[in-house]
Amino acid sequence: MALKVCKFGGTSMADGHTMTKVKNIIRADSDRLYVVVSAPGKRFSGDTKITDLLYGCYEQLKTTGSCRQAFAEIEKRFTGIVKELGLDFDIRGVLSATLERMEREKSEDFCASRGEYLSAVVMAHLLDAKFVDGEDVVFFDENGAFDDKKSYAAIASAVSGGGLCVFPGFYGRGADGKIKTFSRGGSDITGAIVARAVGASVYENWTDVSGFLACDPRIVDSPKRIKTLSYKELRELSYMGANVLHAESIFPVRKANIPIVIKNTFRPEDEGTSILPIAQYKPGGNIVTGIAGKKNFTVLFIEKSHMNSEVGFVRKVLSVFERFNISVEHIPSGIDTMSVVVEGSCMDNFRLEQILECIKAEVEPDFMRVSENIALVATVGHGMSSSVGTSARLFKALADAGVNIKMIDQGSSELNIIVGVKDEDMERSIAAIYREFFGSDRV
Ligand code: ASP
C-alpha cells in the first residue's frame, strides 16, 4: 500500500472553508494517512497570519506580563473557524488553557508554536483523527540540532496503532524540555520528518500554487511550471529565494529517497511539481530547469601575485571570516584572485573595516575591493552540463540586456551558473535568462 504524508500550509488552513477543502483532499485518497498542518495564514491580502499575531502576543507578554489583549484576536479566529465547521468541542477551554500556559512559560518559541498546535487540534476533530503533539515526537539535542533518531522512533511509535493522525508542524521539544520551533516556514520540515519516520512512499506538500515555476511570476508573466525537479535542483533554487518549500525540508526525505510532490489545495486536480531523487529523475528536455535570484550580498575581491603558489592563502583569508563568525556563501577564484561572497546583512561599515584590516595583516594582498548590494542570480539545471554553449548563451543574453556582470561562479557540479549583478539589475537579468532558455517574450 502506498503511504502518503500530506502537509498543508497556512493558506490551506486559513478558515473553515479552506479546512473543508483539506478534509475533502484527505477523504479522496485512503493512502493519505498522516496530516501535518501549519497555523492559519492570511485569508486575504492585508490579513495577518496567526503566527505573526502570536509573536505579537509574546511582545505584549514581555512588556506587560500578560498577553490577554493580543490573544483576543486569536481566540476570535479559532472560535470562528470551529463555528464555521460546525464542530462540537470545547475550543474555548483549549484556548484558555493555551493562554494560561503562554503566560506561565513566557517563551517566544512556545507562543509562536501555538498556531500549529491549535490548528492541528481543530483538524484532528474535523477528520476524526488522532492528534499527535509535536512536543511528544519531535526532539532537538543540547546544541539545538534536530535529533533524528529519537524523533523518528517516537513518531513511529505514536502512529503504530494505525489510523489517520494529525501533527502540528513547526515545533518540537528541546533537550531542556522547552518547546522549540524551526525557522519560519518550518512546518515543511516537520512534514518531511514525519514522511521519513513512517517510511512514506510520497510526501505531498499542499500549498496555494500548482507547483514550482521556472522563475518568479512577479518578474516574468506566467512562467512555465516545472514538472519534475531533482532534490539538488530544488536545494539550489530554494536557497536562492524560490520559496515554495523550506530549503531545509529535503534533508529528511532525501536520505530515504522519498519523492516530494507540490500540490495546490485550491486546484487539487492540477499535476503539480514532483521533486525526485537523482536516481529517479529524468531531465524534462529543458537545458535550464529554473532561475532564481537573491539580493544584498557583499563581495570582497582580493588580488595578490602568485596567490596560487602561496600555501594556506585561502585558509588564512577564510579564517578571518570565521573569527568574525560570518558565514561565507561563495568563493569564486582565479590564479591570482579570489572573491569572498557574504550576506550583506552581516556586514556593517565598522565590521567591514576590521575585516579588511585583518586580511591585510594575514595575507598582505596587492589589492582589495569591496562591492556591496550585489544580487546573485542562479541558473539551475542538470541539462546544462551536457549542453555545449550554455554559458555563452547565458552571458550573451545578459550582455544584450545591458547587464554588467560583476562576478561569475559555476558550481563544480555543473548544476548551476551563478552570476553577481547589481541589485537593481536582478529582475532584468532573470527576465533575460528566462527569455533565452524558455523562449518567451512575455516579460
Ligand atoms: N506558521 C509558521 C510560519 O508562519 C510555520 C509554517 O507555516 O510553516 O512561519
Side-chain angles (χ1 to χ4, degrees), residues 140-146 183-184 232 235-241 247-248 251 292-380 384-385 391 394-395 398 403-426 429:
F140 299 90
D141 65 19
E142 308 72 46
N143 303 317
F146 168 62
S183 57
R184 293 298 303 264
K232 284 189 180 168
R235 172 89 180 123
E236 300 284 344
L237 289 169
S238 12
Y239 165 77
M240 275 301 192
E248 301 292 313
F251 294 112
K294 207 165 153 185
K295 289 186 178 176
N296 194 22
F297 287 91
T298 297
V299 181
L300 182 63
F301 173 82
I302 305 166
E303 186 173 332
K304 186 177 185 188
S305 297
H306 306 299
M307 179 191 285
N308 64 321
S309 51
E310 195 176 319
V311 175
F313 189 95
V314 175
R315 180 186 54 74
K316 284 182 203 158
V317 171
L318 295 184
S319 72
V320 174
F321 289 88
E322 190 175 349
R323 237 176 289 152
F324 282 83
N325 200 23
I326 293 178
S327 157
V328 170
E329 306 290 324
H330 297 276
I331 326 164
S333 62
I335 302 172
D336 289 333
T337 61
M338 72 180 280
S339 297
V340 181
V341 184
V342 299
E343 270 190 19
S345 56
C346 44
M347 269 306 197
D348 54 30
N349 283 344
F350 178 65
R351 258 181 139 191
L352 189 57
E353 284 305 317
Q354 286 181 310
I355 287 172
L356 292 177
E357 282 310 313
C358 291
I359 293 177
K360 264 190 212 154
E362 284 281 353
V363 294
E364 299 172 357
D366 298 336
F367 174 72
M368 285 199 285
R369 186 184 60 229
V370 178
S371 306
E372 290 175 294
N373 304 320
I374 296 292
L376 299 184
V377 173
T379 304
V380 177
M384 295 198 303
S385 61
S391 351
L394 190 147
F395 297 133
L398 291 175
V403 174
N404 182 13
I405 302 174
K406 310 283 271 180
M407 187 206 84
I408 300 168
D409 188 11
Q410 178 161 22
S412 42
S413 61
E414 293 186 74
L415 181 66
N416 63 10
I417 299 174
I418 295 175
V419 293
V421 300
K422 282 195 199 141
D423 272 354
E424 63 263 31
D425 286 340
M426 186 184 89
S429 306

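Count residues from 1 along the sequence.
- The side-chain tip of K294 points at the ring of Y239 from less than 6.0 angstrom away and within 45° of straight on.
- Annotation: side chain to side chain contact (heavy atoms under 4.5 Å, CB included) contacts of N325 (sequence neighbours excluded): none.
- Side-chain atoms of L394 and M384, non-hydrogen and from C-beta on, never get closer than 4.5 Å to each other.
- With sequence neighbours left out, the side-chain hydrogen bond (donor to acceptor under 3.5 Å, both in side chains) criterion links S183 to H246.
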Could you go through the side-chain contact (heavy atoms from CB on, under 4.5 Å) check for I302 and T337 one step at a time?
-> CA-CA 6 Å; I302 305 166; T337 61; over 6 Å; no
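- Minimum heavy-atom separation, S327 to V342: O-CG1, 3.8 Å.
- Listed by chain and number, the residues in a salt bridge (Lys or Arg N to Asp or Glu O under 4.0 Å) with K360 are E357 (sequence neighbours excluded).
- Applying the ring pair (Phe, Tyr, Trp, His ring centres under 6.0 Å) criterion to F313, with sequence neighbours excluded, gives no partner residue.
- Among residues two or more places apart in sequence or in another chain, the side chain to side chain contact (heavy atoms under 4.5 Å, CB included) test is passed with V314 by L318, M338.
- Contacts of R323 classified as side-chain hydrogen bond (donor to acceptor under 3.5 Å, both in side chains), with partners at least two apart in sequence or in another chain: E362.
- Judged as a side chain to side chain donor-acceptor pair (under 3.5 Å), the pairs with a partner in residues 366-376 (not counting sequence neighbours) are, in order, S305-D366.
- Looking at residues two or more places apart in sequence or on another chain, you find a side chain to side chain contact (heavy atoms under 4.5 Å, CB included) between F324 and V320, I326, R351, Q354, I355, C358.
- Scanning for side chain to side chain contact (heavy atoms under 4.5 Å, CB included) contacts around D336 gives M307, N308, with sequence neighbours left out.
- For K295, the side-chain hydrogen bond (donor to acceptor under 3.5 Å, both in side chains) partners at least two apart in sequence or on another chain are E427.
- For E310, the side-chain hydrogen bond (donor to acceptor under 3.5 Å, both in side chains) test picks out K304, with sequence neighbours left out.
- Listed by chain and residue number, D52 satisfy the salt bridge (Lys or Arg N to Asp or Glu O under 4.0 Å) test with R184 (two or more places apart in sequence, or in another chain).
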